[in-house]
Amino acid sequence: MLSAIRAHLPLSDIVYVADSGFAPYGEKSDAFIEERSRFITSFLLQKQADLIVVACNTATAAAVHHLRQTWAHVPIIGVEPGVKPAVASSRNRRVGVLATPSTLRSKKFQALIDNHAQDAYVVLQACAGLAKEIESGELDSPRLRALVETFSAPLRAAEVDTAVLGCTHYPFVRGLFQQALGTGVEIIDTADAVARQAVRIGEKLVQLRLPEQHKTTRGLTELWSSADPAHLARVANSWLELDCPAHPLPEA
């Protein structure tokens, strides 16, 4: 998600918070996720953010409604599994959704299925522990491959031709899922669509538009982590080719 937003908004300054010290959200209670989401949003607004992207499917499902109520004057973009584009793209009307347990049990996700699944057969696969394993930073470990294979097997058995990556961690192992599911399965990731939405909203905001300011240098990327900032900096450099320092997230 960070990479897609940076690509679409190259001149804008971005403040990114990785709440790794409290991850994964997918196995936490909705109340806990809402509390952390409020804390991080407050921090980002203190950093003078003009636009908030909740770059987490689980946090979107559990907290984005509350965030929008609390900060009604701030544009807040959430993310959700790409069920609609997956159903539209599927040839055999068999779609798999890979997501955290919390996302799949949320009312927001159930509404998404009700509104967009239409006549498609949708296989819901909870991927407990996968986000945490990805957070470790080793993207080709035997354990990670085993988890991907375990979660892909039900989708293969159901003969889906389209699979949705319903967690913002999962695109980092998209290649492993493609191998496990087969080259004939299309994989849907909504990061680019979210980034385009950020651009559409950002064009209305003075600090994100920037043409009249004649800014020509690349925007700054500021990283913060509730866990080990050095680990976040290494991951950002290795996975996203972002060479920037990370800072410890100050807790209240």
Side-chain angles (χ1 to χ4, degrees), residues 1-2 4-5 9 12 14-84 97-117 124 126-128 131-132 135 164-170 189-191 193-202 204-205 207-208 222-227 248-252:
M1 189 69 66
L2 173 59
I5 293 173
L9 291 169
S12 298
I14 296 175
V15 180
Y16 176 85
V17 173
D19 202 20
S20 301
F22 298 88
Y25 279 2
E27 296 160 41
K28 300 289 196 301
S29 70
D30 286 356
F32 179 86
I33 296 166
E34 182 185 341
E35 179 185 352
R36 291 303 300 172
S37 298
R38 286 180 180 276
F39 173 76
I40 292 170
T41 300
S42 179
F43 172 79
L44 291 171
L45 293 175
Q46 289 174 25
K47 300 292 291 183
Q48 300 183 321
D50 298 292
L51 168 68
I52 304 291
V53 176
V54 183
C56 172
N57 291 269
T58 301
T60 296
V64 75
H65 174 68
H66 304 287
L67 300 181
R68 288 169 176 161
Q69 283 187 324
T70 303
W71 292 283
H73 64 291
V74 179
I76 298 177
I77 300 174
V79 299
E80 58 187 20
V83 173
K84 183 178 180 179
V97 179
L98 299 146
T100 67
S102 180
T103 292
L104 295 184
R105 70 171 179 261
S106 70
K107 292 181 180 179
K108 187 175 180 65
F109 178 77
Q110 290 303 315
L112 190 67
I113 291 292
D114 292 342
N115 291 333
H116 300 301
L124 305 181
C127 302
K132 183 176 181 179
E135 280 268 347
V164 177
L165 300 182
C167 170
T168 51
H169 282 78
Y170 300 173
D189 167 26
T190 57
V194 172
R196 290 196 300 271
Q197 174 68 354
V199 171
R200 285 191 289 270
I201 294 177
K204 302 174 184 178
L205 304 174
Q207 292 191 20
L208 292 182
E222 193 174 305
L223 305 178
W224 296 81
S225 174
S226 59
L249 181 68
E251 295 290 334

Rounded to the nearest 0.5 Å, how far does CZ of R38 lie from OG1 of T70?
-> 3.5 Å
Side chain to side chain, V164 and L98, heavy atoms closer than 4.5 Å = no
So do P81 and T190 actually touch side chain to side chain, heavy atoms under 4.5 Å?
-> no
Which heavy atom in S20 sits nearest to a heavy atom in E135, and how many Å separate them?
-> OG-OE1, 3.1 Å
Which value, rounded to the nearest 0.5 Å, describes the distance between L44 atom CG and E222 atom CD?
-> 9.5 Å
Chi angles and distances behind the side-chain contact (heavy atoms from CB on, under 4.5 Å) call for V64, I76 = CA-CA 8 Å; V64 75; I76 298 177; 4.0 Å; yes
All pairs passing side chain to side chain donor-acceptor pair (under 3.5 Å) where residues 105-116 contributes a residue, at least two apart = none
Go through the structure and list residues passing ring-ring contact (aromatic ring centres under 6.0 Å, His included) with Y16, not counting sequence neighbours.
-> none
Minimum heavy-atom distance G26-P101, with the two atoms named = O-CD, 3.8 Å
What is the minimum heavy-atom distance between T168 and C56, and which atoms define it?
-> OG1-CA, 3.8 Å
At their closest point, which heavy atom of H169 faces which heavy atom of A131, and how far apart are they?
-> CD2-O, 3.7 Å
Take D189 and Y170 through the test side-chain contact (heavy atoms from CB on, under 4.5 Å) and record every step on the way to the result.
-> CA-CA 9 Å; D189 167 26; Y170 300 173; over 6 Å; no
Is there side-chain contact between I52 and L67, with heavy atoms separated by less than 4.5 Å?
-> no
Between NZ on residue K84 and CG on residue L112, distance to nearest 0.5 Å = 10.0 Å
Ring geometry between F22 and F32 (parallel below 30°, tilted from 30 to 60°, perpendicular above 60°) = tilted
Taking C-beta and beyond as the side chain, do L2 and L223 meet within less than 4.5 Å on heavy atoms?
-> yes
Compare every heavy atom of I40 with every heavy atom of Y25, then report the nearest pair and how far apart it is.
-> OH-CD1, 3.7 Å
Please step through side-chain contact (heavy atoms from CB on, under 4.5 Å) for the pair D19 and F39, ending with a clear verdict.
-> CA-CA 10 Å; D19 202 20; F39 173 76; over 6 Å; no
Considering only heavy atoms from C-beta outward, does the side chain of M1 approach that of V194 to under 4.5 Å?
-> yes
With no hydrogens and no angle check, is any side-chain donor or acceptor of T41 less than 3.5 Å from a backbone partner on S37?
-> yes
Among pairs that include at least one residue of residues 52-69, which meet side chain to side chain donor-acceptor pair (under 3.5 Å), considering only residues two or more places apart or in two chains?
-> T58-T100, T58-T103, H65-Q69
Taking atom CD1 of I77 and atom CD1 of I201, what is their separation to the nearest 0.5 Å?
-> 3.5 Å
Please name the pair of heavy atoms, one in V54 and one in A59, separated by the smallest distance, quoted to 0.1 Å.
-> CG1-CB, 3.7 Å
Could you give me the CA-CA distance, side-chain angles and deciding distance for R36 and K28, then say whether side-chain contact (heavy atoms from CB on, under 4.5 Å) is met?
-> CA-CA 11 Å; R36 291 303 300 172; K28 300 289 196 301; over 6 Å; no
